[in-house]
Asks: 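Quick one: the structure is below, questions incoming.
These numbers come from a predicted model, not from an experiment. Naming: A, B, ... by sequence-line order, numbering from 1 per chain.
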Protein chains: 2
Amino acid sequence: MRKDELIYQQMLKAIVEHHLLPGVRLPEDQLAETFQISRTGIRKVLHRLALERFVTITPNKGAHVAKPTAEEAQQVLDSRILVEPVLIDDVVTHWDESSKTRLYGIVQQEELAEQNNNLKDMIQLSALFHTELASLSGNQVMAEFVSQLTLRSSLVIAVFGSKQSVGCDCGHHHDLVDMLDKREAGPAKIWMKRHLEAIKASLQFTIDKPKSINFKDLFSTI
Amino acid sequence: MRKDELIYQQMLKAIVEHHLLPGVRLPEDQLAETFQISRTGIRKVLHRLALERFVTITPNKGAHVAKPTAEEAQQVLDSRILVEPVLIDDVVTHWDESSKTRLYGIVQQEELAEQNNNLKDMIQLSALFHTELASLSGNQVMAEFVSQLTLRSSLVIAVFGSKQSVGCDCGHHHDLVDMLDKREAGPAKIWMKRHLEAIKASLQFTIDKPKSINFKDLFSTI
DNA sequence: TATTTTTTTATTGTATACAATCTAATAGTA
DNA sequence: TACTATTAGATTGTATACAATAAAAAAATA
């Protein structure tokens with residue numbers, strides 16, 4: 001894999017898993033040194049993250065982890081409420097044994113992570129579930145969009161989420177897969193809509209402040 | 001406006017309006033000279049266009065105008081068929097006098113462009129109509145997604161479109177605005193779905209080959 | 001002492017230089 | 001002649017140097 005691609009994934013992961021909190025400054029020099037690459041390479045990664053809304057770049061002031069506004073937060077969740085249910089029809093259409101295996105596999109990992117109270121994995125697996133489900137619709141364009149939305153949701157939750165909203169009640173995903181496996185598209189759509197509405201409803205508009213970060217330590221432990 | 005932002009828009013416009021056809025090579029040196037900027041600046045623009053799928057960058061081989069596959073083409077249109085109708089409800093909810101003025105304004109320009117057989121404007125205005133409509137839903141996140149999809153549709157049409165599919169029968173947009181102004185959400189949704197399905201149905205799977213381009217001449221005439 | 005101005009420092013923006021890689025042209029061999 | 005190997009040229013990938021800007025610290029003035 002290309003080096004900058006790897007760095008991109010590490011940084012995205014750090015943001016999505018709340019190791020780098022919204023508002024935290026991302027100085028090019030420190031990151032360049034951390035990843036043993038020139039500033040050119042880091043800038044490429046930062047610009048990509050900026051285009052995908054995980055980072056904001058202010059001219060002559062540098063990059064920060066994006067801090068979604070309340071408005072943006074709601075729009076991201078509203079988008080998912082609008083989009084994810086309409087993908088269900090296509091998921092059911094393409095449903096087969098491997099879909100079942102794939103999704104139940106993720107659900108199982110989610111339940112394990114929940115038992116171990118592994119917050120990091122819970123966030124990642126919950127996003128993975130929604131992304132995988134979207135890609136089972138067969139439409140790669142939509143799948144990418146949903147993937148971005150779920151990732152942005154993690155940022156939103158970092159700002160406005162309470163503890164219980166982090167993993168979006170993993171256990172329940174099991175119920176959805178049951179419905180899909182019975183080809184019950186209608187109920188599954190309704191379930192998905194309510195599921196996402198519940199996440200949105202769990203958002204609280206309290207903000208905590210960022211603190212200084214040692215990038216080398218951070219990325220050596222992840 | 002920042003210089004690279006301007007260059008980005010010029011290049012995107014050239015691609016979307018079919019002045020730069022899919023498959024055309026985009027050498028950094030020539031572009032840098034054309035826009036009187038260093039390769040660094042051009043690379044930034046090219047990477048952005050690549051992330052948004054208007055350009056493909058192959059390692060050590062450089063950038064080309066993206067040439068969507070038949071599969072991708074269908075998925076882009078399918079995405080629009082899925083997404084644009086569900087936005088109608090929110091458009092109707094937020095509908096007011098200014099929405100009406102805005103959309104009828106665009107429709108009027110579309111009809112003018114059609115009379116003058118101005119292909120360039122027809123493409124641009126048709127995309128603008130769909131984008132504006134989406135932004136009237138009040139959801140900026142969805143609006144951006146739809147904007148990208150309409151732009152990508154232009155690329156798709158450059159590869160698989162026939163003459164009549166270019167501007168997606170502008171005249172008809174008028175009918176949609178009429179429905180919206182009467183708050184007829186249901187019929188408007190159906191109309192939109194059929195409208196987009198018609199565009200998809202008009203696609204033909206014939207491919208023509210790219211030819212060499214003089215970038216300086218091209219961008220001095222746009 | 002408080003406030004403004006100046007100077008210094010740190011950080012980003014841009015261009016260029018060099019290295020790595022691919023393309024093609026040429027030369028060599030069967 | 002056809003095919004492979006080697007070399008030369010062109011193009012991209014990456015790092016670094018310098019310029020421009022912003023932030024912080026120090027000095028000057030009221």
Side-chain angles (χ1 to χ4, degrees), chain A residues 1-11 15 20-67 209-216 218-219, chain B residues 1-11 15 20-67 209-216 218-219:
Chain A
M1 181 174 297
R2 265 193 349 282
K3 195 172 184 183
D4 56 345
E5 177 70 23
L6 194 72
I7 294 170
Y8 161 79
Q9 289 188 2
Q10 284 188 75
M11 288 198 62
I15 293 171
L20 288 173
L21 293 177
V24 167
R25 211 164 95 72
L26 303 168
E28 297 178 355
D29 298 6
Q30 289 183 52
L31 291 169
E33 206 189 341
T34 303
F35 292 110
Q36 304 247 58
I37 199 177
S38 78
R39 273 180 55 218
T40 310
I42 287 297
R43 287 174 69 82
K44 194 165 134 189
V45 171
L46 289 175
H47 277 111
R48 175 169 176 189
L49 289 168
L51 279 174
E52 293 169 350
R53 310 283 176 177
F54 299 109
V55 155
T56 55
I57 294 178
T58 318
N60 293 316
K61 286 190 167 183
H64 296 250
V65 177
K67 187 191 282 185
K209 60 259 162 240
K211 52 188 172 184
S212 78
I213 296 277
N214 185 322
F215 292 99
K216 280 183 185 170
L218 175 63
F219 283 105
Chain B
M1 182 176 294
R2 266 193 348 284
K3 196 171 181 181
D4 55 345
E5 176 70 22
L6 193 72
I7 294 170
Y8 161 78
Q9 289 189 2
Q10 285 187 74
M11 289 199 62
I15 293 171
L20 288 173
L21 293 178
V24 168
R25 212 164 94 73
L26 302 168
E28 298 178 354
D29 297 4
Q30 288 183 52
L31 291 169
E33 206 190 341
T34 302
F35 291 110
Q36 305 248 54
I37 199 177
S38 77
R39 272 180 55 217
T40 311
I42 287 297
R43 285 175 71 83
K44 195 165 132 189
V45 171
L46 289 175
H47 277 113
R48 176 168 175 191
L49 288 168
L51 280 174
E52 293 169 350
R53 311 282 177 179
F54 299 109
V55 155
T56 55
I57 294 179
T58 317
N60 292 317
K61 285 191 167 184
H64 296 249
V65 177
K67 188 192 279 187
K209 59 255 163 246
K211 51 188 173 184
S212 79
I213 295 279
N214 184 323
F215 292 99
K216 281 184 184 169
L218 175 62
F219 284 106

Asks: Heavy-atom distance under 4.5 Å between the side chains of Lys61(A) and Arg25(A), does that happen here?
Replies: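 Sidechains of Arg25(A) and Lys61(A): no contact.
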Asks: Is any side-chain heavy atom of Val55(B) closer than 4.5 Å to one of Ile15(B)?
Replies: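 Yes, their side chains come closer than 4.5 Å.
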Asks: Name the pairs: protein N/O against N/O of nucleotides 5-7 of chain D, kept only if under 3.5 Å.
Replies:
none

Asks: If you draw a 6.0 Å radius around CD in Glu33(A), do more than 12 non-hydrogen atoms from other residues or ligands fall strictly inside?
Replies: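 Not buried by this count: 12 neighbours or fewer within 6.0 Å.
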Asks: Just how far is it from atom OG1 of Thr40(A) to atom CD of Glu28(A), taken to the nearest 0.5 Å?
Replies: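 Here the interatomic distance stands at 9.0 Å.
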Asks: Under the side chain to side chain contact (heavy atoms under 4.5 Å, CB included) test against Met11(A), which residue among Thr34(A), Leu6(A), Leu46(A), Val65(A) passes?
Replies: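 Option passing the side chain to side chain contact (heavy atoms under 4.5 Å, CB included) with Met11(A): Leu46(A).
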Asks: Decide yes or no on side chain to side chain contact (heavy atoms under 4.5 Å, CB included) for His47(A) and His47(B), but give the supporting numbers first.
Replies: CA-CA 9 Å; His47(A) 277 111; His47(B) 277 113; over 6 Å; no
Asks: Are the side chains of Leu20(B) and Leu26(B) in contact, using a 4.5 Å heavy-atom criterion?
Replies: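 In contact.
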Asks: Where along nucleotides 7-19 of chain C does protein come under 4.0 Å, by heavy atom, of base (B) or sugar-phosphate alone (S), with - for untouched nucleotides?
Replies: ----SBBBBB---
